[in-house]
Amino acid sequence: MIIFPKENPVVENLNSYFLNIPRFIEHYQGEVGTGCVGMSSAAAEAAVFFNKDDLVSVILERRDNGGSRLIGMEEIAEIARIENFSVNLYGLEEAFIDYWANLPDAAVVYKNLSTDFTNLEKLIAKMQAERLTGYIDVMLNADSGRGRIFFCSGKCLGASHSWEGWRLNTAGNLWYTLMSKASDTGAVFNVLRLPLEKAVPAAALPAAGPADGNGRRRTMEMLEELLRRLEDVVVADNRIRGDFRVLLKKKFVEKAEHFPFLDPFAAEFEYRDQRIECHRDVRNGELLAGVTESVRELVAELGIGPVFQKTLYPWREKYGDVIRRFRIQL
């Protein structure tokens, strides 16, 4: 399967028999700038990634062997002329075109990690901390399916599952279903990383909003509610020893190198009596990234993921616009 975002269709359900693929792409380079032509037939699927100036890559995958390979425009044009492909064209974010176009070049860095020794939730937190650009491949035991979780500079771009036709999911808790199934059936994980020269720079990730006005008040309310929900779960769990604020401060100490405002010794950001006080001018995006990353890692370390996730449904509904804008993953 060739996976990429399909949230922005431009044209759909065309037949390759009636198309001149090179000219078709040349036309839409001018119309949409950056995008992908997805092609599917009974025998194969292909994807042609392009920007306004160039052809970025062409990927072909034959269904009989499942392997992907990079080919040239001439070859895909000839294949499209002979075979009966359904053709769809999608607009893509320019900043991420190299990421999706180069996924076949990703190399394995951790291989055959089993649930006997590896917890998927903790593995996700580790890859986020390592700023992974690549993906985690999840193979469930007992032929129960497969999934992938995609990361760019540690930020999750989406998750995809075989039981959903490999549709890329970019909203909500992207990996909760995979975590649940991996826990139930067992699984094996491989972690793949894109070559550094093909990694997307951090500047390409969603920009932070200003740290003032209504946006700041909404950000603070959102984080206060998140921490309150986490505190309630921790306090109710008799297995967890220690005061919640102490556990949270320890996590903030760990994250202070990347998010200096979290350093408890600087006393610039405090959570007390279920309220947040921030005495430093921090952009909203940085606030959200620092606190949610801390919460995500603490939840994984305490082993309270499934319970905590159930409490987040109203929170996700209430702040869905902010979650989508800043690609917040919990």
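Taking the side chain as every heavy atom from C-beta outward, Arg218 and Val322 approach each other to under 4.5 Å. Between Ile136 and Tyr110 the shortest side-chain heavy-atom distance does not fall below 4.5 Å. Two residues are said to be in side-chain contact when any heavy atoms from C-beta on lie closer than 4.5 Å; Val87 and Leu89 fail this criterion. Using a 4.5 Å heavy-atom cutoff, the side chains of Leu178 and His161 are in contact. Annotation: side chain of Trp100 is not in contact with side chain of Cys36 (no heavy-atom distance under 4.5 Å). The side-chain heavy atoms of Ile149 and Cys156, taken from C-beta on, include a pair separated by under 4.5 Å. Taking the side chain as every heavy atom from C-beta outward, Ile25 and Met73 approach each other to under 4.5 Å. In this structure, Val11 and Phe24 have side chains that are in contact, with non-hydrogen atoms separated by less than 4.5 Å.
Panel note: side chain Asn51, backbone Asp53; a donor-acceptor pair is recorded below 3.5 Å. Although no hydrogens or angles enter the test, the distance criterion places no donor-acceptor pair under 3.5 Å between the side chain of Asn15 and the main chain of Ser86. Judged by distance alone, the side chain of Ser114 and the main-chain N or O of Phe117 form no donor-acceptor pair under 3.5 Å. Side chain of Asn102 to main chain of Asp98: a donor-acceptor pair is present (N/O by atom type, distance under 3.5 Å, no hydrogens or angles). In this structure, Arg63 contributes its side chain and Ser41 its backbone to a donor-acceptor pair below 3.5 Å. In this structure a side-chain-to-backbone donor-acceptor pair under 3.5 Å is present from Ser57 to Ala101. Within the 3.5 Å criterion, the main-chain N or O of Gly134 finds a donor-acceptor partner in the side chain of Tyr99. The backbone N or O of Ile276 lies less than 3.5 Å from a partner atom in the side chain of Glu224, making a donor-acceptor pair. In this structure, Ser294 contributes its side chain and Gly290 its backbone to a donor-acceptor pair below 3.5 Å. In this structure a side-chain-to-backbone donor-acceptor pair under 3.5 Å is present from Ser160 to Trp166.
The CD1 atom of Ile59 lies 13.0 Å from the CE atom of Met39; values are rounded to the nearest 0.5 Å. To the nearest 0.5 Å, atom NZ of residue Lys249 and atom CD of residue Glu270 are 6.5 Å apart. Note that CG of Leu248 and OH of Tyr271 are 8.0 Å apart. Values are rounded to the nearest 0.5 Å. Atom CD1 of residue Ile304 and atom CG of residue Leu230 lie 5.0 Å apart, to the nearest 0.5 angstrom. Note that the CG atom of Asp232 and the CZ atom of Phe244 stand 9.0 Å from one another [nearest 0.5 Å]. To the nearest 0.5 angstrom, Lys122 atom NZ is 12.0 Å from Leu120 atom CG.
With Ile328 as the partner, the side-chain contact (heavy atoms from CB on, under 4.5 Å) test is satisfied by one option alone out of Arg316, Glu293, Met222, Arg296: Met222. The salt bridge (charged side-chain N to carboxylate O under 4.0 Å, His left out) with Asp137 is formed by just one residue from the set Arg193, Lys111, Arg146; it is Arg146.
Shown here is Asp143, whose CG atom has no more than 12 heavy atoms of other residues, nucleotides or ligands within 6.0 Å. Within 6.0 Å of NZ in Lys6 there are more than 12 heavy atoms belonging to other residues, nucleotides or ligands. A 6.0 Å sphere centred on CG of Asp273 holds no more than 12 heavy atoms belonging to other residues, nucleotides or ligands.
Arg69 and Glu75 are joined by a salt bridge, as a carboxylate oxygen and a charged side-chain nitrogen come within less than 4.0 angstrom of each other. A salt bridge does not link Glu277 to Arg272: none of the charged nitrogens lies less than 4.0 Å from a carboxylate oxygen. Electrostatic pairing of Arg81 and Glu78 counts as a salt bridge here, judged by a charged N lying under 4.0 Å from a carboxylate O. A salt bridge does not link Asp243 with Arg245: none of the charged nitrogens is closer than 4.0 Å to a carboxylate oxygen.
By the criterion of side-chain heavy atoms lying less than 4.5 angstrom apart, applied directly or through intervening Ile, Leu, Val, Met, Phe, Trp or Tyr residues, Val58 is grouped together with Val32 in one hydrophobic cluster. There is no path of hydrophobic side-chain contacts, each under 4.5 Å, that joins Ile71 to Ile2. In terms of hydrophobic clustering, with Ile, Leu, Val, Met, Phe, Trp and Tyr side chains grouped at heavy-atom distances under 4.5 Å, Ile240 and Leu298 are assigned to a common cluster. The cluster map of Ile, Leu, Val, Met, Phe, Trp and Tyr, joined by side-chain heavy atoms under 4.5 Å apart, puts Phe189 and Val109 in the same cluster. Under the 4.5 Å side-chain contact rule for hydrophobic residues, Leu70 and Phe4 share a cluster.
Both the sub-6.0 Å distance and the 45° axial angle are not jointly satisfied by Lys155 relative to the ring of Phe151.
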Open item on the list: Applying side chain to side chain contact (heavy atoms under 4.5 Å, CB included) to His258 and Arg131, what does each step give before you reach the verdict?
Closed with: CA-CA 11 Å; His258 293 293; Arg131 303 294 192 266; 3.6 Å; yes
- [ ] For Leu92 and Asn8, run side chain to side chain contact (heavy atoms under 4.5 Å, CB included): C-alpha distance rounded to whole Å, both residues' side-chain angles, the deciding distance at 0.1 Å, then the answer.
- [x] CA-CA 7 Å; Leu92 298 180; Asn8 186 22; over 6 Å; no
Open item on the list: Please evaluate residues Lys250 and Glu254 with respect to the criterion salt bridge (charged side-chain N to carboxylate O under 4.0 Å, His left out), reporting the C-alpha separation (whole Å), side-chain torsions for both, the decisive distance (0.1 Å), and the verdict.
Closed with: CA-CA 7 Å; Lys250 287 181 178 178; Glu254 295 176 15; over 6 Å; no
Task: Audit row: Lys181, Ser144, side chain to side chain contact (heavy atoms under 4.5 Å, CB included) steps and yes/no - done: CA-CA 8 Å; Lys181 285 182 175 288; Ser144 299; over 6 Å; no
Open item on the list: Could you go through Asp237 and Val307, starting from their C-alpha distance and side-chain angles, then the distance that decides it, and tell me whether this counts as side chain to side chain contact (heavy atoms under 4.5 Å, CB included)?
Closed with: CA-CA 10 Å; Asp237 194 323; Val307 176; over 6 Å; no
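Here Val188 is tied into one hydrophobic group with Met139, each link being a pair of ILVMFWY side chains closer than 4.5 Å.
The aromatic rings of Phe261 and Phe259 sit perpendicular to each other, their planes meeting at more than 60°, with 30° as the lower class boundary. Ring geometry for Phe252 against Phe269 counts as perpendicular: the plane angle is over 60°, on a 0 to 90° scale with 30° as the lower cut.
Ser16 and Ala80 make their closest contact through OG-O, 3.0 Å (heavy atoms, listed as atom of the first residue, atom of the second, distance). Scanning all heavy atoms of the two residues, the minimum distance from Lys251 to Glu297 falls at NZ-OE1, 3.2 Å. Summarising the geometry of Glu83 relative to Ala43, their closest heavy-atom pair is OE1-CB, 4.1 Å, with the distance given to 0.1 Å. For the pair Ala187 and Ala182, the tightest heavy-atom approach, listed with the atom from each and the gap, is CB-CB, 3.9 Å. What you find for Asn88 and Asn13 is that their closest heavy atoms are OD1-N, 2.6 Å. Heavy-atom minimum distance, Leu247 versus Val234: CD1-CG1, 4.3 Å.
Partners of Phe85 under the ring pair (Phe, Tyr, Trp, His ring centres under 6.0 Å) rule, at least two apart in sequence or in another chain, do not exist in this structure.
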